[in-house]
Amino acid sequence: MLKIYNTLTRKKELFQPRVSGKVGMYVCGMTVYDYCHIGHARVMVVFDTVARYFRYQGYELTYVRNITDIDDKIIQRAIENGEDYGKLTERFIDAMHEDERALAVLPPDLEPRATQSIDAIIAMVQILIDKELAYVGTNGDVFYAVTKFKDYGRLSGKNLDDLQAGERVDVDLAKRNPMDFVLWKMAKANEPAWDSPWGLGRPGWHIECSAMSTCCLGNHFDIHGGGMDLQFPHHENEIAQSEGATGEKFVNVWMHNGFVRVDDEKMSKSLGNFFTVREVLKKYRPEIIRFFILTSHYRSPLNYSDESLNDAKAGLDRLYIALRDALPDDKIPENFIVLDDYKVRFEQAMEDDFNTPEALAVLFGLANELNKAKKHKSENKIVLTATLKYLGGLLGILQDEPDAFLKGKRHSIIGDITISITPSTTMKLTSGDEYIDQQIQARLDAKKAKNWALADKIRNDLKDQGVILEDSPDGTTSWRRE
RNA sequence: GGCUGCGUAGCAAAAUGGUUAUGCAGUGGCCUGCAAAGCCAUCUACGGCGGUUCGAUUCCGCCCGCAGCCUCCA
């Protein structure tokens, strides 16, 4: 029984798909004028995890995540760069897809772009004008008349009187009401523009999402997601546009993920306190970032710091160490069994509004059992390993070979350029590993000769290079990177 | 100012009206030549004040503190 917190009702609700066995989910994606930061990574990972879980539950999911590839910031950045805006957005779309692959985020089923949805946008604006929910302002821009939509403010718990009392809205003389928002914006000279009944221009941001979601999923669909900050005005405006245009209910469940913070402040471009995914990938491997994001509930704030990333690394190491040497060749048997009690606990956690921290606690419990089974040479270790890896897979983690993960460089071997590699290839063993094996052999010889001083020196030297040696009871030595 | 939400041990982070969260770190033990890893044990908690209750970290009220939104933002 899957329960999801619905922003619209501020309650956890039992999830009931509109059509039995099917789910339509739309998530507001990126505006592509710069590299993705960790906040964007959180949206991708959170909703990827949600999508994976729906599929695991047997739902036929259509997951749509749009791309905003035309807006003021894109135009401004293109001018600054002296670059064609289309070239600019192509570059950052490619970069986004690289980041996505690195984080083991499965691509959405559909990825509509605003610039490829202009016809649908114009059609929707026209309907809103016909229904007198929208009007052409004195400057030629088309605006939505907010007061004409009776439920305006319901999602964000605001009402128009309060908003106007806030007095933080620029007074735009072209609008009838300061809260009215733009649906179609007239183009200035040399700006990218599309022909429309109201003249050359481009769509407003909010109408893009209404048009694209409706195009892909129909007038009424199950889930709409995005960051907390989109609640108002973006999602509020989407409801006004879509319900205004179609006369139908727009979305059943609204899901909003919490922010990534730095020093207790929202990570954002405007504050300038953001870390891009590729920056962080220089220090930490992609799976560590994904694990870090999953350590907190998706609606809670997530504080970004080196300390928390190091903790994530340590936790993930523990899981991989448990998986290491659990099976003769690290291969899960073909017809493996998943231990039911762990599976049930894991599912209970996930079905309680996607409680990934709790789900991870189940994995740690499993790791503890597995370590004991290994110690006692119990055959149970096979089924425990299979279960741990299987449940980890549902979260998009623990799919690497344990040795590849543990011996992989702490930071990705990818420079600025080649992040477009899958997580497992980033873990490829490097040539320096032969040297490590030689040193381990030398140390084993020294140990045999009871030359502890030499043995310890070798171990300490390797430690200084970030390599940790671990002797096992059978006389062999394994190693991993710090 | 209005509207949301949050405040859990050294750090991170869940659940819960009475019973072990979990991870990292610390302490003691086992294991080890010594370590590391692992296993066992263990110390640190529920912002403050009231109320409801046999009993509240958990429900209610007030206060304090923090964050987000009210303008583009995941």
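Every heavy atom of this structure was used, including side-chain atoms; hydrogens, water molecules and symmetry mates were not.
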Whole-Å distance between B:G5 P and A:Leu8 CG?
->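 Interatomic distance, CG of A:Leu8 to P of B:G5: 13 Å.
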Measure from the side-chain heavy atoms of A:Asp229 and tell me the nearest of B:G2, B:A74, B:U71.
-> B:A74
Euclidean distance for P, B:U57 against B:A74 (whole angstrom) =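 Taking atom P in both B:U57 and B:A74, they lie 41 Å apart.
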Under 4.0 angstrom, heavy atoms only, what part of the nucleic acid is A:Lys374 near: base, sugar-phosphate, or nothing?
->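 The answer is nothing, as A:Lys374 stays clear of every strand by at least 4.0 Å.
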Per the atom types in the model, does the base of B:C70 pair as donor or acceptor with the side chain of A:Lys158 at under 3.5 Å?
-> no
Could you check how far NE2 of A:His256 sits from C1' of B:U4, rounded to whole Å?
-> 12 Å
CD on A:Glu100 to CD1 on A:Ile93, rounded to 0.5 Å |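 Answer for the CD1-CD pair, A:Ile93 versus A:Glu100, is 11.5 Å.
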Output one line per pair: protein atom, nucleotide atom from nucleotides 21-31 of chain B, and distance, for all N/O pairs under 3.5 Å.
unit_1, atom_1, unit_2, atom_2, d
B:G23, N2, A:Asp311, OD2, 3.4
B:C24, O2', A:Asp311, OD1, 3.2

Describe the nucleic acid contact of A:Ser472 in one word from base, sugar-phosphate, nothing, applying a heavy-atom distance below 4.0 Å.
->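 Nothing, no heavy atom under 4.0 Å.
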Under 6.0 Å between the ring centres of A:Tyr304 and A:Phe259?
-> no
Got a sec? Which of residues 105-112 of chain A come in under 4.0 Å of RNA chain B, heavy atoms?
-> none
Under 4.0 Å between any heavy atoms, over every strand shown, what does A:Arg65 touch: base, sugar-phosphate, or nothing? Just pick one.
-> nothing
Separation of atom CG in A:Asn303 from atom P in B:U8, rounded to whole Å | 13 Å
If you measure from the P atom in B:U44 to the same atom in B:U19, how many Å do you get, rounded?
->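 That atom pair is separated by 16 Å.
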Measure up the A:Tyr53 and A:Phe346 rings against each other and bin them: parallel (under 30°), tilted (30 to 60°), perpendicular (over 60°).
-> tilted
Point-to-point distance, once rounded to the nearest 0.5 Å, from CZ of A:Phe250 to OG of A:Ser213 = 3.5 Å
Nearest-Å distance for atom pair CG/P, residues A:Leu230 and B:U71 | 14 Å
Does A:Ser308 have a side-chain nitrogen or oxygen under 4.0 Å from the phosphate oxygens OP1 or OP2 of B:C11?
->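 No.
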Atom-pair distance (CE on A:Met228; P on B:C3), nearest Å =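 In whole Å, B:C3 P and A:Met228 CE are 17 Å from each other.
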Donor + acceptor pair across side chains of A:Thr476, A:Ser472 (<3.5 Å) = yes
Note: A:Asp34-A:Arg91 ion pair, threshold 4.0 Å (strictly below) | no
Without hydrogens or angle criteria, can the side chains of A:Asp69 and A:Thr115 be said to hold a donor-acceptor pair below 3.5 Å?
->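 A donor-acceptor contact under 3.5 Å links the two side chains.
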Ion pair check, A:Glu83 and A:Arg77, cut-off under 4.0 Å = no
Pair listing, salt bridge (Lys or Arg N to Asp or Glu O under 4.0 Å) test, anchored in residues 290-301 of chain A, at least two apart =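 Checked against salt bridge (Lys or Arg N to Asp or Glu O under 4.0 Å) - neighbours excluded - the pairs reaching residues 290-301 of chain A are A:Asp48-A:Arg290, A:Arg299-A:Asp353.
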Write down the distance separating the P atoms in B:G47 and B:A14, rounded off to the nearest Å.
->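 Approximately 15 Å lies between the P atom of B:G47 and that of B:A14.
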Interatomic distance, A:Glu100 CD vs B:A74 P [rounded to whole Å] |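 My rounded result for the distance is 16 Å.
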Pair A:Lys73 + A:Glu80: basic N to acidic O under 4.0 Å | no
Where along residues 460-471 of chain A does a heavy atom fall under 4.0 Å from RNA chain B?
-> A:Ile468, A:Leu469, A:Glu470, A:Asp471
Taking only the side-chain heavy atoms of A:Arg261 (C-beta and beyond), determine which of B:C34, B:A67, B:G38 contains the nearest atom.
-> B:A67
Pairwise C1' distance, B:C69 and B:A36 [rounded to whole Å] |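 So the two C1' atoms sit 49 Å from each other.
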Any side-chain donor near an acceptor of the partner, A:Ser156 and A:Gln231, under 3.5 Å = no
side-chain N/O A:Lys372 vs B:C40 OP1/OP2, d < 4.0 Å = yes
Find the distance A:Leu271:CG to B:A74:C1' and express it as a whole number of Å.
->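 Distance, rounded to whole Å: 14 Å.
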Aromatic ring centroids of A:His224 and A:Tyr26 under 6.0 Å?
-> yes
Donor-acceptor pair between A:Asp162 and A:Asn159 side chains, under 3.5 angstrom =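 Per modelled atom types, A:Asp162 and A:Asn159 side chains form a pair under 3.5 Å.
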Could you check which of B:G33, B:A13, B:G38 has an atom nearest any side-chain atom of A:Asn371?
->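 Nearest to the side-chain atoms of A:Asn371, counting from C-beta on, is B:G38.
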Check every atom of B:C3, B:A14, B:G5 against the side chain of A:Tyr5 and return the nucleotide holding the closest atom.
->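 Output: B:G5.
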Using the criterion of both pairing distances under 3.5 Å for Watson-Crick and G-U wobble pairs, give all stems of 3 or more consecutive pairs involving RNA chain B.
->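 RNA chain B stems, ordered by first number: B:1-7 with B:64-70, B:10-12 with B:22-24, B:26-30 with B:38-42, B:47-51 with B:59-63.
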Which nucleotide in the list B:A67, B:A14, B:C34 gets nearest to the side chain of A:His297?
-> B:A14
Nearest to the side chain of A:Lys447, which nucleotide is it out of B:A13, B:G33, B:C72?
->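 When the side chain of A:Lys447 is considered, B:G33 is the closest of B:A13, B:G33, B:C72.
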Does anything in residues 438-449 of chain A pair up under salt bridge (Lys or Arg N to Asp or Glu O under 4.0 Å), and if so which pairs, sequence neighbours excluded?
-> A:Arg443-A:Asp471, A:Lys447-A:Asp471
Within the structure shown, what part of the strands sits under 4.0 Å from A:Met44 by heavy-atom distance: base, sugar-phosphate, or nothing?
-> nothing
Euclidean distance, atom NZ of residue A:Lys457 to atom C1' of B:G33 [Å, nearest integer] = 19 Å
Closest nucleotide among B:A15, B:C39, B:U4 to the A:Asn355 side chain =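 For the A:Asn355 side chain, the nearest candidate turns out to be B:A15.
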Is it true that A:Phe92 and A:Tyr33 have ring centroids separated by less than 6.0 Å?
->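 Ring-ring flag for A:Phe92/A:Tyr33: false, centres at least 6.0 Å apart.
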Counting any heavy atom closer than 4.0 Å, what does A:Arg299 reach on the DNA or RNA strands: base, sugar-phosphate only, or nothing?
-> nothing
Selection from B:A14, B:C70, B:A74 that lies nearest to any side-chain heavy atom of A:Pro233 = B:C70
